[in-house]
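When reading the values below, keep in mind they use all heavy atoms of this one structure, side chains included, and skip hydrogens, waters and symmetry mates. Throughout, a chain's letter reflects where its sequence line sits, starting with A, and its residues are numbered from 1.
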Amino acid sequence: MSETSPDSFYITTPIYYVNGTPHVGTAYTMVVADTLARWNRLWGRDTFFLTGTDEHGLKVSQVAQDNNMTPKQWVDLMSTRFIDAWKDLGISYDRFIRTTEPEHYRTVQSFLSKIYENGFIYKDLYTGLYCVACEAYYNESELVQGVNCPVHLRPVTEMVEENYFFRLSAFQDPLKKWYEDFPEAVTPSTRRNEALGFILQGLEDISITRTSIDWGVPVPWDNEHVFYVWYDALINYLTAIGYDSDQGVFDKYWPHVHHLLGKDILRFHCVWWPAMCMAAGIDPPNKLIVHGWLLVGGEKISKSSGITVDPLEIANEYGIDAMRYYLLKETHLGSDGDFSIEGMVSTYNSDIANNLGNLLQRCLALVVSKLDGVTPACPLQPPEVFKFDQRVDQTIRFWESFQPTGALETLMELLRGANIYLEQKEPWKSSENEYVGNVIGAVLELLRVVSLLLLPAMPESSKKVLSRLGVDTTVNLREELTFGRYKGGAVIERSAPLFPRLEVE
RNA sequence: GGCGGCGUAGCUCAGUUGGUCAGAGCACACGGCUCAUAAUCGUGUGGUCGUCGGUUCGAGUCCGACCGCCGCUACCA
């Protein structure tokens with residue numbers, strides 16, 4: 001639960017490393033971010049949704065060389081895989097940032113120069129056991145059989161390098177105080193505890209530059225060095241909002257940012273990043289939303305294990321909104337989730353085909369058979385069984401506190417109430433137009449409001465329902481959620497169900 | 001080893017500061033209805049709320065021990 005800034009909303013996803021490919025796990029992150037962005041736009045906030053690709057690092061330059069390309073040519077090619085995937089999935093980002101953009105170079109140099117000037121960066125020697133494939137140093141205790149990298153099972157090499165170091169140790173107390181002052185900054189709280197625990201055990205300085213490669217952002221005060229990939233990557237969150245180029249935009253969105261991230265990159269975002277911000281003299285991000293992993297059959301998605309699911313295939317086969325709904329409804333934001341086609345089809349059929357789709361269909365059938373095919377206006381007050389105001393307020397609270405699962409479940413409760421109401425009133429047995437019109441009007445009104453509140457999760461499907469009802473979707477949501485606004489008058493013809501049940505292929 | 005979390009109906013999970021707290025959804029069974037997409041409505045599953053103790057008039061709800069599972073414990077996007 002957290003308050004959101006009143007009139008602007010800035011949300012980011014991690015930027016994806018170009019050597020990877022979009023899979024259902026990254027699609028999950030994007031769907032969540034997209035849904036939160038859509039909610040805030042509908043709620044009338046000035047919303048900025050950022051994603052992009054991380055394009056530096058040794059591995060990129062190596063792979064580029066293997067493919068007889070320059071690193072730049074390679075990342076130009078690879079970044080399009082993400083751009084295309086998000087386009088096909090209808091992700092409504094406002095800006096796709098690439099860390100190889102000149103604007104990003106300037107921001108990284110400006111930001112880190114500031115930290116340098118503030119005295120939190122110094123030069124020293126670093127000695128460590130290094131795995132080239134990982135681009136990472138390991139402790140002896142982490143190695144397999146004492147010599148091999150635990151990821152690649154290949155020998156590591158001892159490297160001595162002159163590096164610039166970031167004085168992370170200086171921020172142990174400030175970070176501790178920050179976590180105490182802003183207990184809501186990291187959600188869920190177990191992740192906050194994890195970050196705080198890490199901080200409390202003592203922080204060491206960290207190396208932030210490399211001399212062994214040149215595919216990176218040059219260190220402005222020492223051109224022998226480039227910044228290590230992680231240090232330029234995080235700064236993308238500032239580049240995109242004019243950190244050193246547009247103070248007005250920057251002030252609007254910072255520090256009221258919502259960083260969405262997976263639990264595997266918690267430390268970078270919840271320890272290093274706030275410290276870097278403090279060192280540069282800006283406020284740390286005010287919200288870090290840590291999500292879990294999407295598992296497949298209980299296993300982590302990874303290429304090496306052969307467990308990988310292509311979100312575009314799912315979307316093509318079953319529809320984007322079916323996938324979105326399943327990801328949002330069945331995986332509590334913050335917990336791990338399990339993805340399966342069977343689960344997706346089952347959830348969609350229960351909630352969307354049966355509960356929502358069938359409710360709409362039975363109403364429209366009655367409009368055709370009893371009301372000359374014209375939808376009636378709604379009554380002034382909602383029937384008791386709807387628990388309308390209570391549930392609508394609850395849904396809003398869930399959306400405002402980043403709990404898609406709760407929001408969607410509450411919408412299902414509203415729909416169940418409407419189905420019960422129809423059973424109680426039995427409009428199909430009546431021949432009085434006024435009676436039938438009142439009953440159907442009340443349910444159509446509920447469907448109007450539910451569809452509006454469902455827009456963030458299932459934009460296309462919700463629009464179809466609203467279109468059927470003759471409701472404009474470009475309205476300000478805040479003014480459209482009170483009962484009694486539906487005027488009716490939409491002409492209905494007998495037609496096939498809008499949301500037919502899915503079958504497992 | 002250290003720190004933290006979890007273990008509630010077949011499945012996924014809710015259960016504020018202890019006293020209708022033994023629940024929801026899905027699945028399953030039976031019944032109703034037939035406006036509707038094998039839909040929808042109603043009822044049901046006798047779950048030792050991981051185990052054993054303790055505090056209390058009373059504990060999933062607090063304390064202790066134990067069993068099982070998991071996360072973090074530094075430079076992998």
Side-chain angles (χ1 to χ4, degrees), chain A residues 14-20 26 53-57 59-60 99 126 128 130-131 133-139 141-142 149-152 163 165-166 168 188-208 228-231 233 261-268 271-272 292-293 329-332 335-338 343 346-347 349-370 405-406 408-409 412-413 415-416 418-430 436 439-440 443 496-502:
Chain A
I15 50 175
Y16 302 104
Y17 203 55
V18 284
N19 276 7
T26 46
T53 41
D54 186 7
E55 307 186 352
H56 290 305
K59 264 183 285 187
V60 169
T99 56
Y126 185 84
Y130 188 82
C131 171
C134 293
E135 276 180 58
Y137 288 97
Y138 287 98
N139 293 325
S141 61
E142 294 175 288
C149 157
V151 176
H152 297 87
N163 284 165
F165 283 73
F166 172 57
L168 183 64
S189 59
T190 58
R191 298 302 171 194
R192 182 195 99 98
N193 293 341
E194 219 171 276
L196 188 55
F198 181 80
I199 291 162
L200 291 176
Q201 77 173 24
L203 297 177
E204 294 171 13
D205 294 345
I206 42 187
S207 67
I208 63 171
Y228 175 53
V229 58
W230 255 114
Y231 293 85
L261 57 133
K263 62 182 184 181
D264 50 327
I265 51 177
L266 176 130
R267 190 187 311 137
F268 308 110
V271 180
W272 295 1
W293 279 333
K329 174 86 186 310
E330 294 300 309
T331 299
H332 286 80
S335 307
D336 286 351
D338 196 47
S346 169
T347 298
N349 284 346
S350 296
D351 288 3
I352 303 305
N354 296 351
N355 200 8
L356 169 62
N358 184 59
L359 177 66
L360 176 69
Q361 187 70 2
R362 64 199 303 206
C363 284
L364 296 184
L366 289 165
V367 169
V368 170
S369 65
K370 300 266 182 188
T405 296
L408 297 176
E409 179 53 31
M412 290 306 116
E413 288 175 9
L415 295 172
R416 280 181 216 118
N419 271 314
I420 292 168
Y421 179 66
L422 284 182
E423 297 293 331
Q424 292 173 343
K425 295 299 177 184
E426 300 184 312
W428 47 89
K429 288 185 177 173
S430 171
V436 175
V439 173
I440 298 302
V443 176
L498 207 45
F499 307 116
R501 292 170 61 88
L502 299 177

Revision key, fill the gap. Taking rC35(B), rU37(B), rC41(B) as options, the one with an atom nearest any side-chain atom of A365(A) is rC35(B)
Revision key, fill the gap. In whole angstroms, the gap separating P of rG15(B) from CD of E409(A) amounts to 13 Å
Exercise for review: Scan residues 194-208 of chain A for pairs that pass salt bridge (charged side-chain N to carboxylate O under 4.0 Å, His left out), counting only residues two or more places apart or in two chains.
Suggested key: R191(A)-E194(A)
Check your understanding: So what does I15(A) hit on the nucleic acid, given a heavy-atom distance under 4.0 Å: a base, only sugar-phosphate, or nothing?
Key -> sugar-phosphate
Review point. Of the nucleotides rC35(B), rU34(B), rA74(B), which has the atom closest to the K429(A) side chain?
Key: rU34(B)
Study note, to complete from the structure: Per atom distances to the W428(A) side chain, the nearest of rC35(B), rA74(B), rU37(B) is rC35(B)
Review point. To the side chain of W272(A), which of rC75(B), rC33(B), rC41(B) is closest?
Key: rC75(B)
Point to revise | Proximal nucleotide (of rU40(B), rC75(B), rA27(B)) relative to the F268(A) side chain | key: rC75(B)
Review point. Reckon G357(A) touches a base, only the sugar-phosphate, or nothing at all at heavy-atom distances under 4.0 Å?
Key: base
Practice item. With sequence neighbours excluded, tell me which residues meet ring-ring contact (aromatic ring centres under 6.0 Å, His included) with F198(A). Key: none
Review point. Can you tell me how far P in rC63(B) sits from the matching atom in rC26(B), rounded to whole Å?
Key: 35 Å
Exercise for review: Would you mind calling rG19(B) syn or anti? Take O4'-C1'-N9-C4 for purines or O4'-C1'-N1-C2 for pyrimidines, and syn is within 90° of 0.
Suggested key: anti
Practice item. Between rU37(B), rA27(B), rA74(B), spot the one nearest the side chain of Q201(A), thanks. Key: rA74(B)
Review point. Of all the choices, rC75(B), rC26(B), rG71(B), which nucleotide is nearest to the side chain of I206(A) once you look at every atom?
Key: rC75(B)
Review point. Are any of the side-chain heavy atoms of P497(A) and F499(A) separated by less than 4.5 Å?
Key: no
Revision key, fill the gap. Against the side chain of I420(A), the closest entry in rG42(B), rA74(B), rU40(B) is rG42(B)
Practice item. List in chain and number order the residues that pass salt bridge (Lys or Arg N to Asp or Glu O under 4.0 Å) with K425(A), two or more places apart in sequence or in another chain; answer none if no residue qualifies. Key: none
Review point. For the residue pair F268(A) and W272(A), does the interplanar ring angle fall in the parallel (under 30°), tilted (30 to 60°) or perpendicular (over 60°) class?
Key: perpendicular
Study note, to complete from the structure: Contacts of L415(A) and D336(A) projected onto RNA chain B by closest heavy atom; the upstream (5') one is D336(A)
Check your understanding: If we take the C1' atom in both rG44(B) and rC3(B), what is their distance in whole Å?
Key -> 46 Å
**Study point:** Nearest-angstrom distance, C1' atom, rC35(B) to rC70(B)
**Key:** 50 Å
Point to revise | Which residues share a side-chain hydrogen bond (donor to acceptor under 3.5 Å, both in side chains) with K370(A), sequence neighbours left out | key: none
Practice item. Please report, rounded to the nearest Å, how far the C1' atom of rG5(B) is from the NE2 atom of H332(A). Key: 17 Å
Exercise for review: Please state the C1' separation for the pair rU55(B) and rG18(B) - nearest whole angstrom.
Suggested key: 12 Å
Practice item. Rounded off to whole Å, could you give me the CD1-to-P distance for the I352(A) and rC26(B) pair? Key: 13 Å
Exercise for review: Tell me what G202(A) touches on the nucleic acid: a base, only sugar-phosphate, or nothing, going by heavy atoms under 4.0 Å.
Suggested key: base
Study note, to complete from the structure: Testing rG4(B), rC75(B), rA74(B) for proximity to the side chain of Y126(A), the answer is rC75(B)
Check your understanding: Could you state the CD-C1' distance from E194(A) to rC70(B), rounded to the nearest angstrom?
Key -> 11 Å
Revision key, fill the gap. Side-chain atoms of N358(A) come closest, of rC35(B), rA74(B), rU40(B), to rU40(B)
Exercise for review: Write down the distance between CG (L408(A)) and P (rG25(B)), rounded to a whole number of angstrom.
Suggested key: 16 Å
Review point. What integer distance in Å separates I440(A):CD1 from rU40(B):C1'?
Key: 14 Å
Revision key, fill the gap. Given Watson-Crick and G-U pairs under 3.5 Å, RNA chain B in dot-bracket ([ ] crossing, | other strand) is (((((((..((((.....[...)))).(((((.......))))).....(((((..]....))))))))))))....
Review point. Base, sugar-phosphate alone, or nothing: which one does R192(A) contact when heavy atoms must sit under 4.0 Å apart?
Key: nothing
**Study point:** Inter-nucleotide P distance (rC67(B), rG25(B)), Å rounded
**Key:** 38 Å
Check your understanding: At what distance, to the nearest 0.5 angstrom, does CG of L408(A) lie from CG of D351(A)?
Key -> 8.5 Å
Just distance, no hydrogens or angles: give the donor-acceptor pairs under 3.5 Å from side chains in residues 356-364 of chain A, sequence neighbours left out.
from	atom 1	to	atom 2	distance (Å)
Q361(A)	NE2	S495(A)	O	3.0
R362(A)	NH1	N419(A)	OD1	2.8
R362(A)	NH2	E423(A)	OE2	3.0

